[in-house]
Amino acid sequence: MDFNALAEMLFPHITETPADVEAKYPPRNLPEGAKVTRFAPSPTGFVHFGGLFPSTVAERLAHQSGGVFYLRIEDTDAKREVEGAAEGLIKTLATYGINFDEGAILDESGKVADKGAYGPYKQSMRGPIYQTFAKQLVREGKAYPCFTTEEELDELQQVNKKEEIKNTDWQAEAESRRAEMLARRSFTMEEVKEHLDAGHPFVVRILANGDPEKKVKFTDLVKGAIEFPENDEDFVLLKSDGIPTYHFAHAVDDHLMGTTHVIRGEEWLPSLPKHVQLFSYLGFKLPKYMHIAQIMRLDENGNKKKLSKRDMGANMDDYTRMGYSPEAVCEYVMTLLNSNYEEWHAKNLDKPYTEFPFNIKKMSVSGCLFDFNKLNDVSKNILSRMTAEGVYEKLTVWASAFDPDFAEALTSDKEMAVKILSIGRGGKKPRKDLATWADAKPYMGFFYDKFFAIEDEYPAFDQDIIKATLEKFLETYNYADEMNVWFDKIKAIADSLGFASDMKAYKANPEAFKGNVADISAFIRVAVTGKQNAPDLYTVMQIIGEEKTRARISAQIDTMK
RNA sequence: GGCCCGGUGGUCAAGCGGCUAAGACACCGCCCUUUCACGGCGGUAACACGGGUUCGAUUCCCGUCCGGGUCACCA
């Protein structure tokens with residue numbers, strides 16, 4: 001067969017050669033050891049936690065080595081593309097510290113534009129480039145046109161569509177597909193011409209020369225040595241619309257754009273044989289690969305599953321909505337990515353995570369379960385170290401978007417809000433009440449009449465005692481009292497009611513008392529805050545003010561006739 | 001089912017032939033304490049199983065089991 005003629009017949013409009021294209025993509029002039037990495041999402045929706053993971057690795061590796069980190073939009077599937085997704089992706093990534101040196105960026109008008117000399121960075125704009133390389137492969141007899149339609153293929157695949165797939169079905173399908181594939185390989189120039197003349201669409205398939213009996217050895221930077229059978233599947237290079245599949249685009253683009261390290265999710269591991277073969281066919285140097293372990297979730301049966309779009313915590317917008325600060329999420333990601341991050345962080349509390357020496361060797365090879373407990377802990381530590389002012393600023397921003405009522409309360413009296421947020425903050429051992437901005441209202445809402453309600457039960461004592469406590473408190477309460485005086489009065493109430501005012505005495509002999517001063521405090525606390533769990537009561541009363549404090553307690557007494 | 005990856009406490013994980021098998025989160029207890037927290041101290045809890053190799057296996061090899069991923073003109 002005259003492959004040259006075939007190539008011309010298939011791609012008459014392609015006049016450039018691969019060498020012409022290569023000339024437009026000179027090698028990058030980068031210092032020794034600089035890594036060129038990329039994030040290459042398909043614009044099909046929001047940013048996924050599973051996407052933030054590898055992109056963080058790629059960003060760190062590039063910037064830590066003085067290399068280049070670029071964004072490539074893999075919009076090769078028009079059917080799945082979502083309007084505006086690329087813009088959203090870029091914005092979201094930026095809030096998590098993922099900034100690109102090159103590639104698809106947002107211009108002044110907020111539209112996706114190219115920056116850098118290795119573009120275009122949108123694959124849909126690169127059709128002729130891929131076709132040039134496809135034409136070359138056809139010319140060399142390494143790829144061929146296939147006129148089998150999707151419908152015909154679907155029929156072959158019916159077995160595959162069933163829910164329950166039996167062993168024999170798999171084998172039958174594999175055999176029939178294989179037979180079909182072999183059949184597609186043989187054709188004559190006349191047949192091709194007829195199809196073309198009739199305007200039939202075609203795809204370009206690779207002519208796989210792999211022997212599945214033979215193994216390819218390969219080293220993944222995180223997985224280590226891997227062995228897999230050579231590829232013998234004639235997978236599609238160019239779809240019938242002339243746009244490449246992921247595999248082909250990956251090979252052509254990462255070669256042309258000078259990617260040194262391909263960082264992607266572990267789910268790509270099985271297609272590695274295809275890529276190895278493709279790079280070899282194309283005469284490209286294989287980049288280094290890092291396949292990152294997946295984030296999992298627990299399904300209803302208690303099994304681990306890959307975190308998917310629908311899951312809570314998959315969409316990065318969820319974190320914004322829940323009120324997690326990006327710093328917390330980033331730091332949590334770091335703890336998952338590098339096992340020694342926490343150790344480093346403990347010693348470098350004031351340094352941003354970007355100063356952490358990220359280490360490929362410390363990356364986990366197995367997947368991990370998403371753990372909200374851990375995220376919350378990381379987050380609490382971060383928020384506890386912020387100033388009251390800082391918390392106020394960020395909290396109001398969040399609240400104005402997700403809880404306008406609360407935002408209004410906050411901003412109507414900034415001074416008070418900051419006072420509230422100052423409680424237990426700033427010292428060596430700050431309180432850790434807030435993991436998210438959404439935690440703020442339950443924590444401090446009671447300061448505002450609008451959000452005040454008796455939420456918790458009083459401790460289990462006779463109502464008479466509780467009522468007596470509240471009455472006695474009102475009799476002696478003086479807003480001007482110093483904390484110690486105020487406290488002594490509470491102790492006096494405890495003594496007068498047969499409660500221990502001294503915790504040690506109580507501990508030594510609990511039977512001798514009805515309860516202790518902690519119980520007495522709890523009565524007052526619930527009356528004033530509606531909760532058993534609220535910060536320092538004295539300070540709370542100082543902020544709320546005498547009038548309101550008395551009013552709340554009186555109101556409680558009235559309910560206890 | 002084929003292929004690939006993985007398997008240390010509930011979770012994330014140190015470990016890389018000899019250790020009382022780290023640490024963090026969660027949980028529990030004690031201490032501190034007017035409450036709630038914070039903090040301090042302590043505790044429960046793990047090398048999936050079976051064969052090898054070795055003087056000695058969590059560590060190396062093989063098998064089994066379990067978990068995950070993947071098998072498209074989706075990425």
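Values below: every heavy atom of this structure, side chains too, minus hydrogens, waters and symmetry copies. Convention: sequence-line order gives letters A, B, ...; per-chain numbering from 1.
At least one donor-acceptor pair under 3.5 Å links the side chain of A:Arg425 to the backbone N or O of A:Met386. Using a distance-only test at 3.5 Å, with no hydrogens or angles considered, a donor-acceptor pair links the side chain of A:Asn348 to the main chain of A:Trp344.
A side-chain donor-acceptor contact under 3.5 Å links A:Asn209 and A:Gln277. Side chains of A:Tyr324 and A:Asn376: a donor on one and an acceptor on the other come within 3.5 Å.
A salt bridge does not link A:Lys79 to A:Glu81: none of the charged side-chain nitrogens sits closer than 4.0 Å to a carboxylate oxygen. Using a 4.0 Å cut-off between a side-chain N of Lys or Arg and a carboxylate O of Asp or Glu, A:Asp77 and A:Arg80 qualify as a salt bridge.
Here B:U70 presents its P atom at 11 Å from NZ of A:Lys305, a figure rounded to the nearest Å. The interatomic distance linking A:Asp377 (CG) with B:A26 (C1') rounds to 9 Å, in whole Å. Atom NZ of A:Lys274 and atom C1' of B:C74 are 12 Å apart (whole Å). When rounded to the nearest whole Å, the span between OH of A:Tyr246 and P of B:A75 equals 10 Å. The CG-P distance, from A:Leu298 to B:G67, rounds to 13 Å in whole Å. Atoms OH (A:Tyr506) and P (B:U34) sit 15 Å apart, rounded to a whole Å. One interatomic measurement links the two molecules: CE of A:Met503 to P of B:U33, which rounds to 9 Å at whole-angstrom precision. Rounded to an integer number of Å, the gap from A:Asn376 CG to B:A24 C1' is 15 Å.
Every side-chain hydrogen bond (donor to acceptor under 3.5 Å, both in side chains) that A:Lys217 has, sequence neighbours left out, goes to A:Glu227. With sequence neighbours excluded, no residue satisfies side-chain hydrogen bond (donor to acceptor under 3.5 Å, both in side chains) with A:Asp241.
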- Query: Does the side-chain contact (heavy atoms from CB on, under 4.5 Å) test come out yes or no for A:Phe53 and A:His48, once each step is laid out?
  - Reply: CA-CA 9 Å; A:Phe53 222 54; A:His48 192 250; over 6 Å; no
- Begin from the C-alpha positions of A:Tyr289 and A:Arg264 and carry the test side-chain contact (heavy atoms from CB on, under 4.5 Å) through to its verdict. CA-CA 8 Å; A:Tyr289 284 93; A:Arg264 53 167 42 161; 3.4 Å; yes
- Task: Give the C-alpha distance, both sets of side-chain angles, the deciding distance and a yes or no for side-chain contact (heavy atoms from CB on, under 4.5 Å) between A:Tyr353 and A:His345.
- Result: CA-CA 8 Å; A:Tyr353 73 93; A:His345 183 246; over 6 Å; no
- Begin from the C-alpha positions of A:Phe370 and A:Leu298 and carry the test side-chain contact (heavy atoms from CB on, under 4.5 Å) through to its verdict. CA-CA 9 Å; A:Phe370 191 95; A:Leu298 244 29; over 6 Å; no
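Using cut-offs of 30° and 60° on the angle between ring planes, the pair A:Tyr319 and A:Phe372 is parallel. Between A:His247 and A:Phe235, the two ring planes are perpendicular [angle over 60°; tilted spans 30° to 60°].
Comparing A:Gln123 and A:Leu537 against RNA chain B, the residue whose closest nucleotide sits nearer the 5' end is A:Leu537.
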Polar-atom pairs under 3.5 Å, protein N or O versus N or O of nucleotides 43-49 of chain B: list them with distances, or write none.
none

What nitrogen or oxygen pairs link the protein and nucleotides 12-15 of chain B at under 3.5 Å?
| from | atom 1 | to | atom 2 | distance (Å) |
| --- | --- | --- | --- | --- |
| B:C12 | OP1 | A:Leu369 | N | 2.9 |
| B:A13 | OP1 | A:Ser364 | OG | 2.8 |
| B:A14 | OP1 | A:Ser339 | OG | 3.2 |
| B:G15 | OP1 | A:Lys362 | NZ | 3.3 |

Protein-nucleotides 60-62 of chain B N/O pairs closer than 3.5 Å?
none

Could you run down the sub-3.5 Å N/O contacts of the protein with nucleotides 2-4 of chain B?
| from | atom 1 | to | atom 2 | distance (Å) |
| --- | --- | --- | --- | --- |
| B:C4 | OP1 | A:Lys215 | NZ | 3.3 |

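Pairing partner, B:U53: none, since no Watson-Crick or wobble contact has both distances short of 3.5 Å. Under the Watson-Crick and G-U wobble criteria, each requiring two contacts below 3.5 Å, nucleotide B:G23 is paired to B:C12. Under the Watson-Crick and G-U wobble criteria, each requiring two contacts below 3.5 Å, nucleotide B:C41 is paired to B:G29.
Considering only side-chain atoms of A:Val517, the nucleotide from B:U34, B:U33, B:C5 that sits closest is B:U34. Distance from the side chain of A:Lys306 is smallest for B:U70 among the nucleotides B:U70, B:G39, B:A75.
Rounded to whole Å, the C1' atom of B:U59 lies 10 Å from the corresponding atom of B:C47. Using P as the reference atom, B:G7 and B:C32 are 45 Å apart when rounded to the nearest Å. Comparing the C1' positions of B:C60 and B:G15 gives an interatomic distance of 15 Å, to the nearest angstrom. Rounded to a whole angstrom, the distance from the P atom of B:U44 to that of B:G10 is 14 Å. Comparing the C1' positions of B:G6 and B:U64 gives a spacing of 16 Å, expressed to the nearest Å. Here the separation of B:G67 from B:U54, taken at their C1' atoms, is 31 Å to the nearest Å. Here, B:U58 and B:U20 have their P atoms 13 Å apart, quoted to the whole Å. When the P atom is compared between B:A48 and B:G40, the two are found 32 Å apart, to the nearest whole Å.
Among the protein residues, A:Thr539 comes within range of no part of the nucleic acid, since none of its heavy atoms lies under 4.0 Å from any strand. Residue contacts for A:Asp536: at a heavy-atom cut-off of 4.0 Å it reaches a base atom on one of the strands shown. Note on A:Val236: only backbone sugar-phosphate atoms sit closer than 4.0 angstrom, heavy atoms only; bases stay farther off. Within 4.0 Å (heavy atoms only), A:Pro535 reaches at least one base atom of the nucleic acid. A:Ala522 comes within contact range of no nucleotide atom at all, as no heavy-atom separation falls under 4.0 Å. Nucleic acid contact for A:Thr76: sugar-phosphate only, since backbone atoms but no base atoms lie under 4.0 Å from a heavy atom of the residue. Contacts of A:Arg297 with the nucleic acid, taken as non-hydrogen atoms under 4.0 Å apart, are absent. Note on A:Gln294: nothing from the nucleic acid sits closer than 4.0 angstrom, heavy atoms only.
The distance from the OG atom of A:Ser521 to the CZ atom of A:Phe473 is 9.5 Å, given to the nearest 0.5 Å. Note that OG of A:Ser364 is 10.0 Å distant from CD1 of A:Ile292, once rounded to the nearest 0.5 Å.
Residues A:Arg126 and A:Pro120 are in side-chain contact: their nearest non-hydrogen atoms beyond the backbone lie under 4.5 Å apart.
A close approach under 4.0 Å does occur between a side-chain nitrogen or oxygen of A:Lys432 and OP1 or OP2 of B:G39. OP1 or OP2 of B:A75 has not a single side-chain nitrogen or oxygen of A:Arg264 nearer than 4.0 Å. Between B:U34 and A:Lys489, no contact under 4.0 Å exists linking OP1 or OP2 to a side-chain N or O.
Between the side chain of A:Lys504 and the base of B:U33, no donor-acceptor pair under 3.5 Å is found.
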